[in-house]
S.K.: 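Take this structure first; my questions come after.
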Amino acid sequence: MKCPHNIVNLMHDYLDGDIEPNDAKILREHLQQCSACADHFNGLKKTVAFIQHASHLIPPADFTARVMAKLPKEKKMIRMRRWLQNHPFITAASLFIILTIGSLFTTWNEQRQFSVSAHENVIIRGHTVIVPKGEVVKGDIVVRNGSIKIEGKVEGNVTVIHGEKYLASAGQVTGELEEINQVFEWIWYNIKERVKDVMEVFE
Amino acid sequence: MEIFVKKRIKAIKKGDQNAYADIVDLYKDKIYRLCYRMLGNRHEAEDTAQEAFIRAYVNIHTYNPNMKFSSWLYRIATNLAIDKIRKKKPDAYLDEEISGTDGLTMYSQLSSSEASPEETLESLELQETVQKAIEKLPEKYRSVIVLRYIEDLSLQEISEILDLPLGTVKTRIHRGREALRKHLGHL
């Protein structure tokens with residue numbers, strides 16, 4: 001029998017799932033009558049089934065890891081940001097420490113001029129503070145960028161920052177006598193002071 | 001799923017490499033399968049699939065979000081596989097296993113556990129015959145057939161992936177099917 005010239009195209013349209021209803025009817029009717037075309041059509045359907053049922057291969061288990069290892073290095077900023085996101089407590093703590101130390105360095109470097117916290121019952125000569133014999137200073141004394149000579153009595157702590165302390169044999173300090181000449185001592189001193197302040201707030 | 005992918009891509013564009021691992025995990029099976037069917041060799045398939053993912057990452061800024069991300073990945077992988085086929089040298093990999101013997105998960109006809117060894121063998125042979133038939137196709141037919149029947153994509157998607165008119169995709173699929181029928185239709 002004579003096959004319609006476009007019958008093979010209709011088969012493919014059918015397999016693509018976009019055949020017109022009219023064409024579908026023509027195809028169906030022709031396949032019922034023509035065994036050659038029916039064979040052709042079955043061959044195509046079988047082929048599709050074979051391909052579709054081809055076994056599925058799975059990539060090796062370490063596939064993703066290997067791809068990731070081969071990627072170009074990401075930007076440092078991103079890595080750091082992710083690290084910080086994963087460690088919020090350390091981030092907060094280190095931020096606090098950095099700010100504290102930063103501010104201390106600034107004050108350490110800025111405060112170069114001589115100063116003394118107590119003025120009563122002391123003599124100031126140049127950059128030296130003298131607690132004369134027989135005098136009693138009540139309260140703490142902090143001397144910055146200068147020295148202190150104690151011949152009398154101090155009822156409290158004496159702290160010398162960037163300077164020297166001379167305690168005469170007759171001199172007396174009831175509290176602590178400290179000399180701070182290093183940045184780290186200065187930081188330590190500040191931290192102690194701050195902790196003390198904080199404790200006072202809580203008390 | 002689309003939203004998940006979009007979020008990941010945004011993160012990757014900002015430079016977050018870890019987000020890319022999710023993308024690789026999501027698509028590795030498909031891309032590897034495509035490469036294997038195109039190349040017929042596991043070693044090359046793995047190399048090519050990896051290269052496709054690396055290229056996608058490096059060129060992520062050229063990805064147009066109007067396109068499905070999977071389509072874009074398929075495009076990269078298909079082009080790479082076609083390049084490999086064209087460059088393919090005659091020397092074979094000595095360590096390559098005979099395709100269809102190992103690492104295959106049997107499907108459909110083997111789903112019953114009572115399948116006899118003869119049936120299994122027959123099916124393994126069939127798997128090999130199918131793969132050989134695919135490999136005999138010229139690459140322009142091979143890619144459309146693999147995308148259509150291995151990846152189960154619509155003609156519309158294939159036309160987008162290969163950047164070809166729908167009519168061309170149809171013609172290639174028709175010709176590909178006819179060519180395959182000559183090898184497989186009589187089995």
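Just so we're on the same page: letters track the sequence lines, and every chain starts at 1. Every value quoted in this text rests on a predicted model; they were computed, and no experiment measured them.
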S.K.: Could you tell me which portion of Ile31(B) (side chain, backbone, both or neither) has an atom closer than 4.5 angstrom to a non-hydrogen atom of chain A?
M.R.: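 When you check distances to chain A, no heavy atom of Ile31(B) falls under 4.5 Å.
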
S.K.: Considering all heavy atoms of both residues, which atom of Phe50(A) and which atom of Leu184(B) are nearest to each other, and what is their separation?
M.R.: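 Where Phe50(A) meets Leu184(B) most closely, the heavy atoms are CE1-O, 3.6 Å.
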
S.K.: Does a side-chain heavy-atom distance below 4.5 Å link Thr64(A) with Lys28(B)?
M.R.: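 In contact.
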
S.K.: Determine the option with the most heavy-atom pairs under 4.5 angstrom with chain A, choosing from Glu46(B), Glu51(B), His183(B).
M.R.: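 Counting heavy-atom pairs under 4.5 Å, the top option is Glu46(B).
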
S.K.: Taking side chain as C-beta onward, heavy atoms only, is Val67(A) less than 4.5 Å from Gln50(B)?
M.R.: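 The answer is yes, as the side chains (C-beta and beyond) meet within the 4.5 Å cut-off.
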
S.K.: Would you mind listing every salt bridge (charged side-chain N to carboxylate O under 4.0 Å, His left out) that reaches into residues 17-46 of chain A, with sequence neighbours excluded?
M.R.: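 Qualifying pairs: Asp18(A)-Lys170(B).
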
S.K.: Among residues two or more places apart or on two chains, list those pairs meeting salt bridge (charged side-chain N to carboxylate O under 4.0 Å, His left out) that have a residue in residues 176-187 of chain B.
M.R.: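 Found Asp16(A)-Arg177(B), Glu178(B)-Arg181(B).
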
S.K.: Within a 6.0 Å radius of atom CG on Leu99(A), are there more than 12 heavy atoms belonging to other residues, nucleotides or ligands?
M.R.: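 Counting neighbours around CG of Leu99(A), more than 12 heavy atoms of other residues, nucleotides or ligands fall under 6.0 Å, so yes.
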
S.K.: Out of curiosity, Met68(A) CE to Tyr57(B) OH, how far, rounded to the nearest 0.5 Å?
M.R.: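 So the CE of Met68(A) and the OH of Tyr57(B) are separated by 7.0 Å.
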
S.K.: How far does CG of Asn9(A) sit from OG1 of Thr171(B), to the nearest 0.5 angstrom?
M.R.: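 Interatomic distance, Asn9(A) CG to Thr171(B) OG1, rounded to 0.5 Å: 9.0 Å.
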
S.K.: For Tyr14(A), check side chain to side chain contact (heavy atoms under 4.5 Å, CB included) against everything at least two apart and list the hits.
M.R.: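 Listed in chain order: Ile19(A), Leu27(A), Phe41(A).
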
S.K.: For Ala49(B) and Phe63(A), work out which heavy atoms get closest and say how close.
M.R.: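 Smallest heavy-atom distance, with atoms named: CB-CZ, 3.6 Å.
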
S.K.: Are the side chain of Gln17(B) and the backbone of Pro72(A) linked by a donor-acceptor contact shorter than 3.5 Å?
M.R.: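 Pair found, side chain donor or acceptor close to backbone of Pro72(A).
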
S.K.: Quick check on the structure: residues of residues 140-161 of chain B within a heavy-atom distance below 4.5 Å of chain A, by number.
M.R.: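 Heavy-atom contacts from residues 140-161 of chain B to chain A are Ile145(B), Tyr149(B), Ile150(B), Leu155(B).
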
S.K.: How many angstroms lie between CG in Asn42(A) and NE2 in His186(B), if you round to the nearest 0.5 Å?
M.R.: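 Taking CG in Asn42(A) and NE2 in His186(B), the distance rounds to 14.5 Å.
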
